[in-house]
K.L.:
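This is the structure, below, for whatever I ask next.
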There are 2 protein chains.
Amino acid sequence: MALIVQKYGGTSVGDVERIKVVAQRIKENVDAGNDVVVVVSARSGVTNQLIERAKALNSMPNEREMDMLLAVGEQETIALVAMALHSLGVKAVSRTGAQAGIITDFNHTRARIIEVTGGDIKKQLASGNVVIVAGFQGIDPDGHVSTLGRGGSDLSAMALAGALKADICQIFTDVDGIYTADPRIVKSARKIEVMDYDELLEMASSGSKVMQARSVEFARKYNVVFEVRSSFNNNSGTIVKAEVPTLEGLVVSGVAVDKNQTKVTITGIPDKPGSVAEIFEDLGASGIGVDMIVQNIGRAGMANLTFTVAKDDASKAEKILQNTCSKMGAEVSLTGDIAKVSVVGIGMRSNSGVAATFFSALAQKNINVQLITTSEIKICVAINLDKADEAACALHTAFGLDK
Amino acid sequence: MALIVQKYGGTSVGDVERIKVVAQRIKENVDAGNDVVVVVSARSGVTNQLIERAKALNSMPNEREMDMLLAVGEQETIALVAMALHSLGVKAVSRTGAQAGIITDFNHTRARIIEVTGGDIKKQLASGNVVIVAGFQGIDPDGHVSTLGRGGSDLSAMALAGALKADICQIFTDVDGIYTADPRIVKSARKIEVMDYDELLEMASSGSKVMQARSVEFARKYNVVFEVRSSFNNNSGTIVKAEVPTLEGLVVSGVAVDKNQTKVTITGIPDKPGSVAEIFEDLGASGIGVDMIVQNIGRAGMANLTFTVAKDDASKAEKILQNTCSKMGAEVSLTGDIAKVSVVGIGMRSNSGVAATFFSALAQKNINVQLITTSEIKICVAINLDKADEAACALHTAFGLDK
């Protein structure tokens with residue numbers, strides 16, 4: 001017997017038929033003798049409809065009112081899921097984010113959780129109830145409904161699992177788990193059975209979009225063991241937890257490819273303190289994130305700087321940089337035909353030879369490396385976009401992930 | 001400058017265009033220097049959609065969960081109305097029933113209000129905000145969302161007006177006010193400018209369906225002056241308040257017709273204590289209300305009993321009565337071809353000759369009266385259904401309501 005927190009996203013509870021399936025799955029967990037807390041999102045589409053209505057009335061809706069509005073979506077789902085469980089003879093009660101004691105700061109529409117009391121959840125579990133909690137929402141210290149922003153329901157589930165000291169937090173989604181690589185790119189990609197928080201975080205920032213980094217960081221901080229699994233079948237998923245012994249002697253857990261990158265090169269920057277800072281400050285002020293920064297000294301005391309930005313930000317970044325650079329006499333050029341390819345693995349911490357394996361795998365395929373960045377558990381390169389898939393396959397094989 | 005509580009029903013806030021109209025009307029009241037509290041219902045259709053989803057998951061949904069579900073409808077509207085007001089430059093905040101301190105008992109889906117604290121409404125008004133409150137909903141003493149049942153939003157408005165000591169509670173609806181008779185039946189019917197709570201209550205129980213009796217009773221108890229008026233135009237409506245001097249020397253305020261009645265006659269009831277009680281107990285236990293009860297003694301110590309029931313309850317009533325009556329040897333017969341016609345007016349308290357005017361008006365039209373009941377401020381008769389409209393017109397004229 002365990003205490004399980006389960007999170008079902010919008011497509012999993014999209015209509016009454018899907019809700020029945022979710023209820024059946026919850027029942028199986030209850031029948032197996034577990035205490036179950038369920039976190040649900042709004043039915044898919046509902047949140048967008050609400051936003052549409054709001055925008056029709058006000059182009060810049062007040063954020064507190066937006067939260068009042070959006071919280072409606074999850075509140076509907078919790079009641080429906082509870083009713084579906086009652087139909088199956090399972091005792092269940094629903095709780096809003098506020099009732100579940102998810103206390104946030106005042107940053108409406110993107111609030112951060114500051115405390116989770118759990119409300120009366122423990123008591124309800126003790127009386128044999130499944131507790132269905134509205135994800136994505138909380139309450140600010142003044143008693144106003146708040147919402148947590150993108151990926152908020154995952155965060156609600158992690159936070160409740162942490163506060164209730166749950167044995168596991170199961171994140172039900174439309175994929176079977178985390179894969180060693182994108183199966184559409186690398187045919188031999190396999191589902192990872194167990195991995196470390198840091199590995200998933202590095203995978204996420206390298207283009208694997210299963211979970212928002214924010215939720216994973218929260219889980220790591222509060223040591224919440226979670227599982228990413230599918231709501232469409234009964235296969236076990238990927239367990240994510242604190243550092244695990246590397247399985248099968250593998251140094252690397254996965255290969256990530258990010259094709260949504262643009263490379264920015266700035267040449268002729270005056271090599272004096274503050275020049276580079278100025279460039280990044282202007283970008284940062286516009287909310288544009290940069291990655292893979294490389295600087296070297298060119299001719300005549302001038303510096304060259306290269307980095308990547310998300311493709312969506314490229315034209316905005318170009319405009320800002322041309323302004324900044326023209327003032328210092330530097331030149332900007334952008335190229336979109338690159339991809340980031342990374343290998344990630346906590347085994348890299350204690351293994352030498354990883355870089356050698358990595359670069360010889362690429363060299364054998366005659367793939368040229370434009371930029372390199374590394375962390376303790378990741379090697380990441382920028383290469384030509386049309387070589388990305390070939391590189392991913394080569395690295396997957398080289399690090400023994402094909403099995 | 002006054003404190004006004006306004007209530008807008010589901011059709012008045014049915015879509016974003018209607019919400020814009022409501023916001024404009026609220027703005028006019030604010031611009032005129034008033035403090036305004038607005039109570040809104042769910043957009044028309046929303047509540048039914050939610051009920052449909054619930055029924056698809058559970059034929060007998062738990063009532064607490066039903067309230068959690070239904071409260072969603074009004075919560076959406078309050079946020080949207082607040083946003084629409086912001087667009088017009090009007091300061092506004094939304095409050096759920098719980099936040100507005102509408103405390104109810106534990107009877108979910110048909111809760112009764114036990115206290116109204118108003119939450120921080122006074123403070124918000126003082127800061128220049130319009131306060132938009134979700135109608136139809138409250139919170140039980142355990143902190144669970146409750147709903148007030150049919151006509152609940154009117155009740156929310158009355159309760160807030162009472163608690164805040166508002167100068168007036170305006171009930172916006174799709175009719176212009178209360179009429180001296182149904183204008184579809186009596187062409188010369190006129191809008192009543194001002195009337196007493198009791199008159200409206202008697203009109204309501206006699207088939208005028210503008211307001212639920214429950215809300216009017218609440219207003220009377222807490223002496224809330226309210227106005228029934230249209231959200232589709234700017235005409236003043238009907239003001240309802242405690243006993244008012246009868247206008248224009250009129251004894252009668254209105255004529256009501258109820259064609260939704262079936263007459264039940266039971267003959268041959270043993271004339272001994274308890275027989276009639278047994279009949280009404282069996283009906284009452286099934287939730288069937290009776291009206292216009294007349295009993296007289298027939299031949300040989302047998303009693304005859306006649307009363308009316310709502311047409312919708314007729315077949316259910318017949319089944320129950322046949323069972324009860326066969327045991328005591330009595331006979332049941334029903335006829336649906338009757339109508340109730342009433343005149344109502346607090347002026348009747350202090351005027352003699354009302355009955356004479358009433359019955360001579362009917363006699364002149366050769367209309368036969370089957371049943372008669374009276375209260376201090378009402379005379380009500382059951383007549384043939386096909387004479388109902390003629391009777392209403394004759395009474396409207398006889399009591400000087402044609403003007």
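We use all heavy atoms of the structure for the numbers below, so side chains are in, but hydrogens, waters and symmetry mates are not. Below, read A as the first sequence line, B as the second, and so on, with proteins coming before strands; counting in each chain starts at 1.
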K.L.:
Rounded to the nearest 0.5 Å, what separates atom CG in Leu164(B) from atom CG in Leu3(B)?
P.N.:
6.0 Å
K.L.:
Under 3.5 Å, is there a donor on one side chain and an acceptor on the other for Asp140(B) and Thr104(B)?
P.N.:
no
K.L.:
Return the option, out of Glu76(B), Arg53(B), His86(B), Glu17(B), with the maximum number of heavy-atom pairs under 4.5 Å with chain A.
P.N.:
Arg53(B)
K.L.:
Side chain, backbone, both or neither: which part of Arg64(B) has a heavy atom under 4.5 Å from chain A?
P.N.:
side chain
K.L.:
Checking Met66(A) against chain B: side chain, backbone, both or neither under 4.5 Å from a heavy atom?
P.N.:
both
K.L.:
Taking only Lys NZ, Arg NE, NH1 and NH2, and the carboxylate oxygens of Asp or Glu, determine whether Asp176(A) and Arg229(A) approach each other closer than 4.0 Å.
P.N.:
no
K.L.:
Flag the one option from Lys20(B), Met60(B), Arg43(B) with the top tally of heavy-atom pairs under 4.5 Å to chain A.
P.N.:
Arg43(B)
K.L.:
Between Ser94(B) and Glu65(A), is there a side-chain donor-acceptor contact under 3.5 Å, judged purely by atom types and distance?
P.N.:
yes
K.L.:
Using heavy-atom distances under 4.5 Å, tell me whether Ala92(A) contacts chain B through its side chain, its backbone, both, or neither.
P.N.:
backbone
K.L.:
With a 4.5 angstrom heavy-atom cut-off, is it the side chain or the backbone of Thr96(A) that approaches chain B, or both, or neither?
P.N.:
both
K.L.:
What part of Gln99(B) gets closer than 4.5 Å to chain A, counting heavy atoms only: side chain, backbone, both or neither?
P.N.:
side chain
K.L.:
May I ask you to decide whether Asp120(B) forms a salt bridge with Arg95(B), counting only side-chain N to carboxylate O separations under 4.0 Å?
P.N.:
yes
